[in-house]
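FYI, side chains are in, hydrogens and waters are out, and symmetry mates aren't considered; it's all heavy atoms of this structure. Lettering follows sequence order; numbering is per chain, from 1.
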Protein chains: 2
Amino acid sequence: MAAERRGGVTISQVAEAAGVARSSVSRAYTRPHMLSPETVERIKMAAERLGYVPNHTARALSTGRHGNVALIVPDVANPFFPPMIRAAQVEADRSDFCVFLGNSDEDPEKEDKLLGRFAGQVEGIILASPRLSDERIVAHAALRPLVLINRNVEGIPRVLIDSGTGIGEATAHLAELGHRNIVYVSGPSTSWSNKQRRAAVRKAAGERGLDLSFVSASVPSFEAGLQAVDAILAKGASAAIAFDDVTAQGILAGLAARGIGVPKDFSVVGCDDALGPLTVPALTTVSSRSVEAGKLAVSLLMEMLQSQALRDASYVLETHLIVRGTTGRAPGQ
Amino acid sequence: MAAERRGGVTISQVAEAAGVARSSVSRAYTRPHMLSPETVERIKMAAERLGYVPNHTARALSTGRHGNVALIVPDVANPFFPPMIRAAQVEADRSDFCVFLGNSDEDPEKEDKLLGRFAGQVEGIILASPRLSDERIVAHAALRPLVLINRNVEGIPRVLIDSGTGIGEATAHLAELGHRNIVYVSGPSTSWSNKQRRAAVRKAAGERGLDLSFVSASVPSFEAGLQAVDAILAKGASAAIAFDDVTAQGILAGLAARGIGVPKDFSVVGCDDALGPLTVPALTTVSSRSVEAGKLAVSLLMEMLQSQALRDASYVLETHLIVRGTTGRAPGQ
DNA sequence: CTATTGCGTGCAACCGGTTGCATGTCAACC
DNA sequence: GGTTGACATGCAACCGGTTGCACGCAATAG
């Protein structure tokens with residue numbers, strides 16, 4: 001009721017109102033079993049009446065526990081991340097933690113700066129698809145609990161999305177549909193995920209004796225996909241697997257512009273399931289598991305915070321092909 | 001050098017090393033002009049040698065300034081928000097502020113809880129498309145600086161995206177293409193944006209003597225759009241304006257399933273430009289201005305923090321129609 | 001009936017800074 | 001030469017909680 005002007009009802013005010021010492025008020029919240037039930041009740045009543053909310057900052061100062069974690073991603077607006085962010089947020093909430101969000105703009109230096117900026121006010125950090133060097137990551141990890149997503153650094157707890165399994169399935173799927181000549185449209189050369197996807201498609205294509213070519217879309221974007229179409233067609237392929245869904249959509253747009261029907265004349269597979277069944281025809285793609293990754297990373301971090309033991313854990317999430325509407329039998333089959 | 005085990009070199013240690021009082025060390029950082037240049041130099045040297053970093057939490061406790069703001073959205077994964085979040089993040093960073101991100105899950109109660117949770121550790125809050133009641137919003141705004149996005153509450157600084165202008169243009173655009181019978185597929189009835197859009201389409205259709213019907217997709221989603229198609233066709237319309245892009249994509253999928261060609265046989269307009277030109281055919285839609293809104297909200301908040309004057313500002317961002325590939329001449333024209 | 005145990009509570013120090021006020025020093029001024 | 005004032009620095013209280021320890025009291029054991 002009586003909301004003071006500074007928005008600050010303090011523990012002292014509650015103590016006075018309840019006729020107890022400040023320490024008792026504190027304990028009513030942090031160690032209720034130390035107090036008699038009636039006292040706890042009385043304190044909570046008074047607190048309620050005054051609109052008392054414990055001050056996190058003050059608590060953090062004396063305990064060293066902030067109840068905050070940081071999540072740093074290269075680009076919030078990249079559709080791959082929002083579901084992950086959301087999942088992380090929800091999971092953190094379950095442990096009553098707040099989430100700081102950082103956007104590195106795909107820039108290693110900015111990432112480094114953010115890490116330093118957050119360092120003072122969080123208990124742990126989650127780095128998703130970092131662009132930072134291994135050394136810097138290791139350095140930060142030494143200072144405080146840190147979990148990686150989609151980056152494989154020995155000795156640091158990490159969650160890896162193995163898009164390789166899904167890409168393998170995609171290749172097999174295309175082979176079954178009778179495609180003999182396919183293209184992999186690759187993403188950023190520094191990306192761990194791209195290396196993994198490229199290797200997976202090569203392996204699977206080799207096993208099935210498919211003709212495989214590569215076309216590079218160095219930046220994964222709609223534009224890049226659009227511009228890759230000529231190169232793809234020049235290879236004589238009847239199907240393409242793209243680094244991600246956005247690139248795949250660019251390829252689809254380019255094919256449509258040339259009057260090439262999908263999936264009748266050409267098949268396209270995306271990766272990451274960033275768009276869901278939203279498009280027409282719905283994109284055949286590889287599931288991303290980004291939701292699980294976000295959730296798992298947070299719960300991993302929570303565990304690390306509880307038991308200071310920072311064991312070297314590496315969780316791998318396998319992916320699978322989601323067949324929708326952009327793949328079909330090879331022409332002439 | 002001597003990084004203590006707890007990562008914590010304190011002001012006292014620096015003071016002792018430099019042979020000054022704690023207060024002088026503090027001033028060396030916050031008010032250097034109060035000290036003699038030599039003293040400042042000596043202190044900074046000592047701090048450097050010990051690896052001292054000011055403790056954000058402690059500073060916040062005594063000054064009340066955390067250097068943090070909170071951003072609360074209904075759903076991080078809704079493609080409307082990520083660009084806004086990113087813009088807010090970038091703008092906050094310019095003032096060296098960190099951003100807490102909250103996800104209310106479209107739930108008023110959770111929103112209220114988050115607000116309380118953040119209250120203690122941020123200087124200001126941005127509430128985007130809140131689902132909370134006006135009273136609760138006013139109550140929170142009384143406690144600390146708060147800026148609204150897409151919610152019109154008298155007396156509270158707000159940034160409003162006026163999708164009405166764009167929707168009006170869309171209606172005019174359809175009229176010019178010869179459509180005489182159109183449908184507006186509405187979103188959540190409690191949404192301020194929905195009311196605004198509905199009013200705009202009614203006004204514009206009235207001015208041009210178009211037949212207008214309403215179909216309700218109470219939750220804005222792909223599924224809802226898909227299921228609205230029968231109702232839309234039953235109205236005998238040749239074009240639809242959807243509450244948002246995701247709903248529009250659902251409608252497109254439904255039309256495709258019935259073999260109805262877009263834009264040849266039917267025209268569809270989305271709203272919010274959440275997908276960009278990504279889809280095939282690319283969706284004609286209304287620009288969202290969500291990036292500007294995020295940026296503006298943060299800079300507004302920063303101003304409020306500087307000059308405690310919380311004047312009642314209301315910024316309106318107009319929107320415009322973006323014509324792409326899902327609108328064409330009415331059949332038989 | 002006294003000694004022991006144990007529970008509920010209060011006292012006071014502490015977390016790491018910030019800041020109003022007091023003190024000390026020295027140069028300038030009358 | 002004594003007074004004034006500006007300037008540099010230190011002292012100590014404070015921000016709002018947490019927590020080790022001591023105290024008082026009641027129940028139990030001897």
Side-chain angles (χ1 to χ4, degrees), chain A residues 3-44 46-47 50-68 96 119-121 123, chain B residues 3-44 46-47 50-68 116-117 119-123 143-144:
Chain A
E4 303 301 313
R5 54 185 169 177
R6 295 284 306 151
V9 179
T10 74
I11 208 172
S12 302
Q13 296 172 34
V14 176
E16 186 167 7
V20 297
R22 297 192 306 149
S23 46
S24 294
V25 179
S26 174
R27 287 193 261 258
Y29 284 88
T30 55
R31 295 165 162 62
H33 55 276
M34 282 185 67
L35 268 44
S36 74
E38 309 88 64
T39 309
V40 173
E41 173 74 2
R42 189 152 40 94
I43 292 173
K44 295 246 169 172
L50 268 57
Y52 169 72
V53 180
N55 179 322
H56 253 81
T57 308
R59 178 175 296 180
L61 182 57
S62 57
T63 60
R65 313 209 59 206
H66 314 67
N68 297 330
D96 216 31
Q121 33 192 349
E123 288 181 51
Chain B
E4 303 302 311
R5 54 187 168 174
R6 294 287 307 151
V9 179
T10 75
I11 208 173
S12 302
Q13 297 173 31
V14 176
E16 184 168 8
V20 297
R22 297 192 306 149
S23 46
S24 294
V25 178
S26 173
R27 288 194 261 258
Y29 284 88
T30 54
R31 295 164 160 65
H33 56 275
M34 281 186 68
L35 267 43
S36 74
E38 309 88 62
T39 308
V40 172
E41 172 75 3
R42 190 151 41 94
I43 292 173
K44 295 247 169 171
L50 268 56
Y52 169 72
V53 180
N55 179 322
H56 231 82
T57 308
R59 177 174 297 179
L61 182 57
S62 56
T63 60
R65 314 211 58 208
H66 314 67
N68 297 329
R117 181 84 179 70
Q121 34 192 348
V122 300
E123 288 182 51
L143 258 50
R144 77 200 65 252

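Judged by closest nucleotide on DNA chain C, Gly19(A) is the one of Val53(B) and Gly19(A) placed further toward the 5' end. The nearest heavy atom of DNA chain D to Leu61(B) and to Thr39(B) marks one nucleotide each, and the one closer to the 5' end goes with Thr39(B).
Less than 4.0 Å separates DNA chain C from at least one heavy atom of each of the following residues of residues 20-28 of chain A: Val20(A), Ala21(A), Arg22(A), Ser23(A), Ser24(A), Arg27(A).
Closest non-hydrogen pair, Tyr52(A) versus Val9(A), comes out as CD1-O, 3.2 Å.
Going from atom NE2 of His33(B) over to atom P of dA6(D) covers 16 Å, rounded to whole Å. Going from atom CD1 of Ile43(B) over to atom C1' of dA8(D) covers 11 Å, rounded to whole Å.
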Enumerate, atom names and distances included, each donor-acceptor pair closer than 3.5 Å involving a side-chain atom of residues 16-24 of chain A, sequence neighbours excluded.
none

Show me the donor-acceptor pairs, under 3.5 Å and distance only, between side chains in residues 25-39 of chain B and residues at least two apart or in other chains.
unit_1   : atom_1 : unit_2   : atom_2 : d
Thr30(B) : OG1    : Ser26(B) : O      : 3.1
Ser36(B) : OG     : Thr39(B) : N      : 3.3
Ser36(B) : OG     : Thr39(B) : OG1    : 2.7

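Within 4.0 Å of Thr30(B), counting heavy atoms only, lie sugar-phosphate atoms of the nucleic acid but no base atom. Using a 4.0 Å heavy-atom cutoff across all strands shown, Tyr52(A) reaches sugar-phosphate atoms only and no base atom.
Rounding to the nearest 0.5 Å places CG of Asn68(A) at 6.5 Å from NE2 of His56(A). Taking NE2 of His66(A) as the reference point, atom CG of Leu61(A) lies at 9.0 Å (rounded to 0.5 Å). The CD1 atom of Ile11(A) sits 12.5 Å away from atom CG of Leu50(A), with the distance rounded to the nearest 0.5 Å.
Legend: residues meeting side chain to side chain donor-acceptor pair (under 3.5 Å) with Thr10(A), ordered by chain and number and at least two apart, are absent. The side-chain contact (heavy atoms from CB on, under 4.5 Å) test applied to Asn55(B) returns Thr57(B), Ala58(B), not counting sequence neighbours. Under the rule for a side-chain contact (heavy atoms from CB on, under 4.5 Å), Ser62(B) has no partner lying at least two apart in sequence or in another chain. Among residues two or more places apart in sequence or in another chain, the salt bridge (charged side-chain N to carboxylate O under 4.0 Å, His left out) test is passed with Arg117(B) by Asp96(A).
One end of the helix from dC1(C)-dG30(D) to dC30(C)-dG1(D) points its axis 60° away from the other end's axis, with each axis taken from 5 pairs and the angle rounded to 10°.
Listed by first then second residue, pairs satisfying salt bridge (charged side-chain N to carboxylate O under 4.0 Å, His left out) with a partner in residues 51-65 of chain B read Arg65(B)-Glu123(B), not counting sequence neighbours.
Taking a heavy-atom distance under 4.0 Å as the criterion, the stretch of DNA chain C touched by chain B extends 5' to 3' from dG16(C) to dG20(C).
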